[in-house]
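One structure below.
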Amino acid sequence: ITLSWREYPDRITEKMLMEGQGSAAISIGPFPTDLFHVRPLLRWPLSLIVYEDHPLCERKEVVIEDLIGEPLFIENSSFKINEFVQYVCWLHGFEPNIVYETSSFDICCKMCRMKKGITILPDMVYQDMKTEGLLRIPFADTQMNLEIAFLTPKNGLREQAAEKLYHYLKNRKE
């Protein structure tokens with residue numbers, strides 16, 4: 001297998017796969033199942049990230065309504081976390097107060113550290129960030145997860161290499 005790995009925002013990744021630029025992709029849900037064969041890989045729990053003296057910092061867990069009125073820094077609309085957070089807020093009857101959209105979780109954390117607002121990160125990303133001065137608070141709602149899946153286009157043949165890659169990824173214990 002020859003693997004050529006490129007990293008793009010979720011929507012660009014899916015667009016490239018639809019255009020035949022690659023055999024497979026790993027992306028974040030929701031997934032257009034009319035276009036792709038979707039095979040789940042894992043879930044990334046999301047948490048609220050606040051600065052140390054934020055009013056929510058003493059909480060053991062938060063609910064989505066705790067975002068009401070809070071200035072929120074989040075990845076831009078090329079990333080599905082943006083749509084997911086907005087959708088969940090809408091389901092709970094409000095629009096999030098998104099004050100800045102970026103292509104970098106680093107900037108979200110930096111602005112949070114500067115006490116300009118709060119952010120939402122996958123727990124896995126938080127573990128890799130510079131988190132001094134920040135606190136991670138899990139959501140009580142167990143639906144606050146990003147679904148990660150392996151995608152192959154429905155309009156093409158499933159390549160043997162893509163199948164081998166999927167089975168390798170699915171069977172990894174890390």
Side-chain angles (χ1 to χ4, degrees), residues 7-14 25-33 36 38-151 166 168-174:
E7 201 170 320
Y8 296 101
D10 314 310
R11 297 194 188 291
I12 293 170
T13 298
E14 291 176 11
I26 298 170
S27 193
I28 292 173
F31 307 103
T33 55
F36 301 117
V38 177
R39 291 181 279 176
L41 287 172
L42 51 102
R43 301 173 108 195
W44 284 348
L46 295 173
S47 291
L48 184 65
I49 310 303
V50 300
Y51 47 90
E52 287 181 340
D53 58 351
H54 187 276
L56 295 172
C57 73
E58 298 295 324
R59 302 273 294 276
K60 298 280 187 233
E61 58 185 19
V62 291
V63 294
I64 199 71
E65 290 86 359
D66 288 324
L67 297 178
I68 295 173
E70 291 285 344
L72 182 63
F73 290 82
I74 195 164
E75 285 202 319
N76 67 45
S77 60
S78 292
F79 298 89
K80 289 187 179 176
I81 189 173
N82 181 298
E83 175 187 354
F84 178 79
V85 169
Q86 290 193 59
Y87 178 72
V88 171
C89 291
W90 177 79
L91 285 178
H92 288 263
F94 71 98
E95 286 188 41
N97 181 22
I98 297 173
V99 295
Y100 188 79
E101 294 183 350
T102 181
S103 63
S104 169
F105 284 124
D106 286 330
I107 292 175
C108 293
C109 287
K110 181 177 182 178
M111 298 307 285
C112 189
R113 256 190 312 281
M114 293 172 62
K115 302 181 181 184
K116 302 290 184 187
I118 59 176
T119 191
I120 295 173
L121 298 181
D123 289 357
M124 189 194 91
V125 171
Y126 179 79
Q127 294 167 6
D128 293 338
M129 301 298 291
K130 179 181 173 188
T131 58
E132 294 170 30
L134 300 178
L135 298 169
R136 183 187 70 80
I137 309 170
F139 282 95
D141 184 349
T142 59
Q143 298 302 310
M144 289 298 289
N145 296 295
L146 293 181
E147 302 292 331
I148 313 300
F150 187 83
L151 308 178
Y166 168 73
Y168 171 77
L169 293 171
K170 186 68 179 166
N171 293 317
R172 286 187 52 95
K173 300 298 181 204
E174 296 174 35

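Note: I120 CD1 to N82 CG = 10.0 Å, rounded to the nearest 0.5 Å. In this structure, I98 CD1 and T119 OG1 are separated by 10.0 Å, a value rounded to the nearest 0.5 Å. In this structure, CD1 on I68 lies 12.0 Å from CD on E95, to the nearest 0.5 angstrom. Remark: F84 CZ to N145 CG distance equals 7.0 Å, nearest 0.5 Å. Taken from SG in C109 to OH in Y51, the straight-line distance is 14.5 Å, to the nearest 0.5 Å. In this structure, CD1 on I12 lies 12.0 Å from CD on E7, to the nearest 0.5 angstrom.
Between R43 and L146 there is no side-chain heavy-atom pair separated by less than 4.5 Å. Side chains of Y126 and T131 form a contact here, defined as non-hydrogen atoms less than 4.5 Å apart. Between E83 and P30 there is a side-chain heavy-atom pair separated by less than 4.5 Å. Residues I64 and D141 form no side-chain contact, since every pair of their non-hydrogen atoms from C-beta on lies 4.5 Å or further apart. Contact check for V85 versus L72: side-chain heavy atoms found under the 4.5 Å cut-off.
For the residue pair V38 and A149, the shortest heavy atom distance occurs at CG1-CB, 3.7 Å. Shortest non-hydrogen contact noted between F94 and E65 is CE2-CA, 4.0 Å. What you find for R11 and S77 is that their closest heavy atoms are NE-O, 3.0 Å. Heavy atoms only, all atoms of each residue included: Q86 and P96 are closest at CG-CG, 3.9 Å. Nearest approach of F139 to L46, heavy atoms of both residues: CD1-O, 3.4 Å. Nearest approach of S78 to P9, heavy atoms of both residues: O-CB, 3.4 Å.
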Exercise. Does the side chain to side chain contact (heavy atoms under 4.5 Å, CB included) test come out yes or no for D66 and I137, once each step is laid out?
Worked result: CA-CA 11 Å; D66 288 324; I137 309 170; over 6 Å; no
Problem set entry | Stepwise side chain to side chain contact (heavy atoms under 4.5 Å, CB included) check, E52 with L134 | CA-CA 6 Å; E52 287 181 340; L134 300 178; over 6 Å; no
Problem set entry | Pair I49-I118, side chain to side chain contact (heavy atoms under 4.5 Å, CB included): steps then yes or no | CA-CA 6 Å; I49 310 303; I118 59 176; over 6 Å; no
For this session: Before giving the answer on side chain to side chain contact (heavy atoms under 4.5 Å, CB included), spell out for V88 and Q143 the whole-Å C-alpha distance, their side-chain angles and the decisive distance to 0.1 Å.
Result: CA-CA 9 Å; V88 171; Q143 298 302 310; over 6 Å; no
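Just one residue in the list E147, E75, E14 forms a salt bridge (charged side-chain N to carboxylate O under 4.0 Å, His left out) with K80, and that residue is E14.
Judged as a salt bridge (Lys or Arg N to Asp or Glu O under 4.0 Å), and not counting sequence neighbours, the contacts of D123 are R136. Under the rule for a ring-ring contact (aromatic ring centres under 6.0 Å, His included), F31 has no partner lying at least two apart in sequence or in another chain.
No donor-acceptor distance shorter than 3.5 angstrom exists from the side chain of D128 to the backbone of V125, with no hydrogens or angles considered.
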